[in-house]
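Residues take their numbers from the sequence shown, with the count starting at 1.
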Amino acid sequence: MAANVYASATDGGSGGESAQTRSGTGVRTAGATIDCPDVGSKLTSVPEQARAEVDKELALLDEQIAKAYQRLSESAQEIQQDSGFADNAIMNPLKEKRGATLERIAIAIDRVGDRPEGLDALAACTVRDSGNQAPEQGEGQDGDGEEQPGEEQDQGGQEQGNGQEQGQGNNGGQAGNGPVAADFADITSVQPNVNSPRQKDNASRGTFATSCGVNENGLFNSDNIIAAPGVTNGAHHFHDYVGNQANNAFASDQDLANAETSCDDQGDKSSYYWPVVRVQNGTQEQDANSPGGGIEGNAGAIVTPKQVTLDFVGNPRDKVTAMPRLLRIITGDAKAFVNGTANANASWSCTGFEDRQLKDKYPLCPKGSDVVRSFKFQSCWDGRNIDSANHRTHVAFADASGACPSGFRPIPQLVQRIVYDVDAPSLNDGGRTTPLFAVDSFPEQLHKPVTDHGDFINVFDEDLMGEMVDCINDGRKCGAGAEGEPSEQPSEQPGEQPSEEPGAGEEPSEEPTKTPEAPQEQPTRTPDAPQGGNAGGKPGDTGNGGKDEASKPPATDKPAPEPEPSDPPAGEAEVYATPSAKSGDQGGSKDGSGEDSDGLGQSQAVGTATSAAATPATPPRTEPQAVGSGSLAETGAQLWPAAAGAVLVMAGFVVLRRSRRS
């Protein structure tokens, strides 16, 4: 398998450059990756006394895979010359190391509980086609040679796409292990696939927004305090952090409670983090020669988000209860490329087109539109645990109606939306003209967009959490980040089969949702990013779909009324429904007067991989002087008839006197 993969992946590319050429990061272009069973997801029950030891052993398994992948990616020549090299020198030693580690996990659990069965069967890994090499003519394509946007072929990782990577030397991006052209899709070719869920009478329709910046202070590391506590470089990729400033693998609960926070409301010391996005332009970042960075294939300039919104929303059928302090939630799967998409929760789109969401592709946004990645976190809690052995079973997604699983209760649902000012890469030359971009990932996950994920630790002050719950249940808009309208959130259970038509009572969104204005107080590292308005030419920056001032509707006599809290919100649910007839239109949902008609837009039906744009607040309008009560113009309008009458009376006197004289 490895020999065949490398034979096809090292045939050479454009300009005679071999696909196995070493990149500037020291990682060779790979035609294969390593697929190992995910042990952590199988360990759903680990005694508390054994957790620390088991977590360290699980992190060691990840380190073993990373090193084996690097060895595999650097051994193309040896594998071509000796078909048994990969098994003898890489895969068999990896199996032995994993076997020993799994045995230590079993012993650790056995000391304080029941020994887990079947762990030894998880030791063996396989070499798998990465899907990064150019396909044969007609292979990996549909009938017209175009890849279907949003579709991923999990088996074998065959994401060959439209074959554009044939002309890029198969270089797999600057870092050598991805991304490739097949990892991108033109957002304008994607049909609207976001729907609105039905709200019940007892729905919790409010929104609580917290504002914690965009990590402009550059807090990064490759730790993972949730999945690999006490382990340096447990994530094998860099994270952006906002909120809590004590984020590292060794932070205790007390450290988190005592830490500083980047949030405007100092009562929110929660930790919000996600893999950084990099533009593969050759920039040597601080981690260029470090584990988790360039050594593990995460290369290029880290892009500071243009905007980050953090909203907590309710449930479409029930009131929410408070999150427990120090609750930990991971959404998405950092290993979804080899694990499959059961836990995947990635969602990619572009400003002005957020009724179209991609799960397994990076979006190619039109000129003037920004890249958007969004997450809807699990919104149901088991009522007992703040974490679980696999970091998943203590929380769950609601079903399509908003109902939580038996024994679970609804909690405020975190919705993250992160906007980046990055240009669509040039795929025909492998990003040489305009560089590729991608999220950081575990090395063997090849920077696939489906691996995107987000992490959250609740360190809200209990009083502030109480305010959040009351706000959401009362249908209000609250919080330090609530100046604008709340986000309209699509909802869908990750992994749920797409429906063929809109559900009963659910209309597909006809127009893309607009992007709210970027706060001016949040600088980014991206140069010349517009700070409000549409100065940068970004459609959706102010919610006007990129239209200029002349295209705005004329001001009415009075400002548009705010929707009442009791109005049912028009949220959105990503169900891959039949597209509307207006799929090519841009702009948010508007009524006849041009005003936002979406209401609160708080959809809680499911924790999904998608999140639509926050609807911008209706801008305050200056009352026209000609119609405002008590204005100068109005006073004049009332006095001129009297003045005219006075002139006529005086003229009458003049005529009367002349007639008397005559």
Q: Closest approach of P316 and S401, non-hydrogen atoms and distance?
A: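 In terms of heavy atoms, the two residues are closest at CG-O, 3.9 Å.
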Q: Walk me through whether N345 and T331 qualify under side-chain hydrogen bond (donor to acceptor under 3.5 Å, both in side chains).
A: CA-CA 6 Å; N345 197 11; T331 196; 2.5 Å; yes
Q: Walk me through whether R278 and E285 qualify under salt bridge (charged side-chain N to carboxylate O under 4.0 Å, His left out).
A: CA-CA 10 Å; R278 298 189 198 238; E285 283 283 6; 5.7 Å; no
Q: With sequence neighbours left out, write down each residue that passes side-chain hydrogen bond (donor to acceptor under 3.5 Å, both in side chains) with N244, or none if nothing qualifies.
A: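 In terms of side-chain hydrogen bond (donor to acceptor under 3.5 Å, both in side chains), with neighbours along the sequence ignored, N244 is linked to no residue.
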Q: Return yes if some donor-acceptor pair links the side-chain N/O of T33 with the main-chain N/O of E444 below 3.5 Å, else return no.
A: yes
Q: Would you mind checking if E103 and R115 are paired as a salt bridge, meaning a charged N to carboxylate O distance below 4.0 Å?
A: yes
Q: Quick one: side-chain hydrogen bond (donor to acceptor under 3.5 Å, both in side chains) partners of R409, sequence neighbours excluded?
A: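 With neighbours one apart ignored, the set is empty.
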Q: With side-chain hydrogen bond (donor to acceptor under 3.5 Å, both in side chains) as the criterion, how do T210 and D268 come out once you've worked through the C-alpha distance, each side chain's angles and the decisive distance to 0.1 Å?
A: CA-CA 8 Å; T210 187; D268 182 9; 2.9 Å; yes
Q: Which atoms form the tightest heavy-atom contact between P275 and H239, and what is the distance?
A: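 The pair with the smallest heavy-atom distance is N-CD2, 3.6 Å.
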Q: Between N390 and L43, is there a side-chain heavy-atom distance shorter than 4.5 Å?
A: no
Q: Would you call P192 and Q357 a side-chain contact if the rule is heavy atoms closer than 4.5 Å?
A: no
Q: Is the backbone of G292 close enough, under 3.5 Å, to the side chain of E296 for a donor and an acceptor to pair up by distance?
A: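 Yes, E296 side chain to G292 backbone: donor-acceptor pair under 3.5 Å.
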Q: Check this for me: does any side-chain nitrogen of one of E53 and K56 sit under 4.0 Å from a carboxylate oxygen of the other?
A: no
Q: Taking F337's backbone N and O only, do any of them form a donor-acceptor pair with Q445's side chain (distance below 3.5 Å, no angle check)?
A: yes
Q: Is there a side-chain contact between L436 and L427 in this structure, where contact means two heavy atoms from C-beta onward sitting under 4.5 Å apart?
A: yes
Q: Please identify each residue that fulfils side-chain hydrogen bond (donor to acceptor under 3.5 Å, both in side chains) with Y241, with sequence neighbours left out.
A: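 Partners of Y241 under the side-chain hydrogen bond (donor to acceptor under 3.5 Å, both in side chains) test: N221.
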Q: Assert yes or no for the condition that the ring centre distance of Y273 to F220 is strictly below 6.0 Å.
A: no
Q: Donor-acceptor check, side chain of H394 to backbone of I329, threshold 3.5 angstrom: yes or no?
A: no
Q: Decide whether a cation-pi geometry holds between R373 and Y362; the criteria are a distance under 6.0 Å from NZ or CZ to the six-membered ring centre and an angle within 45° of the ring axis.
A: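 Ring-cation test returns no.
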Q: What are the two closest non-hydrogen atoms of I386 and R325, and how far apart are they?
A: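 Between these two residues, the closest heavy atoms are CG2-O, 3.7 Å.
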Q: Ignoring hydrogens and angles, tell me if any N or O in the side chain of N298 forms a donor-acceptor pair with the backbone of F238 under 3.5 Å.
A: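 It does not hold such a pair.
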Q: How are the rings of F456 and Y272 set to each other: parallel, tilted or perpendicular (split at 30° and 60°)?
A: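 Correct class here is tilted.
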Q: For P443 and H236, work out which heavy atoms get closest and say how close.
A: CD-CB, 4.1 Å
Q: Quick one, K335 and C36 - any side-chain contact, counting heavy atoms below 4.5 Å?
A: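 The answer is no, as the side chains (C-beta and beyond) never meet within the 4.5 Å cut-off.
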Q: Between the side chain of Q413 and the main-chain N/O of C380, is any donor-acceptor distance below 3.5 Å?
A: no
Q: Hey, which of W348, Y420, F184 is the one that makes ring-ring contact (aromatic ring centres under 6.0 Å, His included) with F437?
A: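 Checked W348, Y420, F184 against F437; only one passes ring-ring contact (aromatic ring centres under 6.0 Å, His included): F184.
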Q: Any salt bridge linking D360 with K448? Criterion: basic side-chain nitrogen under 4.0 Å from a carboxylate oxygen.
A: no
Q: Using a strict 4.0 Å threshold on nitrogen-to-oxygen distance, state whether R328 and D253 make a salt bridge.
A: yes
Q: Is there side-chain contact between I34 and L72, with heavy atoms separated by less than 4.5 Å?
A: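 Side-chain contact under 4.5 Å: yes.
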Q: What are the two closest non-hydrogen atoms of D370 and C365, and how far apart are they?
A: O-SG, 3.7 Å
Q: Output yes when D183 and K361 qualify as a salt bridge under the 4.0 Å nitrogen-oxygen rule, no when they do not.
A: no
Q: Output yes when a side-chain donor or acceptor of N248 lies under 3.5 Å from a complementary backbone atom of A251, and no otherwise.
A: yes
Q: Would you sort out whether S41 and R392 count as a side-chain hydrogen bond (donor to acceptor under 3.5 Å, both in side chains), showing the intermediate values?
A: CA-CA 8 Å; S41 64; R392 296 189 184 278; over 6 Å; no
Q: Could you go step by step and tell me if H237 and F442 meet the ring pair (Phe, Tyr, Trp, His ring centres under 6.0 Å) rule?
A: CA-CA 6 Å; H237 54 264; F442 284 89; 5.2 Å; yes
Q: Considering only heavy atoms from C-beta outward, does the side chain of Q416 approach that of F377 to under 4.5 Å?
A: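 When only atoms from C-beta onward are counted, F377 and Q416 do touch, with a gap below 4.5 Å.
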Q: Is there a side-chain contact between L122 and K42, using heavy atoms and a 4.5 Å cut-off?
A: yes
Q: Going by atom types only, do R98 and T101 share a side-chain donor-acceptor pair under 3.5 Å?
A: no
Q: What's the shortest heavy-atom distance between C212 and G243, and which atoms?
A: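 C212 and G243 have their closest heavy atoms at CB-N, 3.9 Å.
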Q: Under 4.5 Å between any side-chain heavy atoms of S349 and S374, yes or no?
A: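 Counting from C-beta outward, S349 and S374 never come under 4.5 Å.
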Q: Does the distance from a Lys or Arg side-chain N to an Asp or Glu carboxylate O, for K67 and D62, drop under 4.0 Å?
A: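 Salt bridge between K67 and D62, a charged N being under 4.0 Å from a carboxylate O: no.
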Q: Can you check side-chain hydrogen bond (donor to acceptor under 3.5 Å, both in side chains) on S388 and N385, steps first, answer last?
A: CA-CA 7 Å; S388 50; N385 302 297; over 6 Å; no
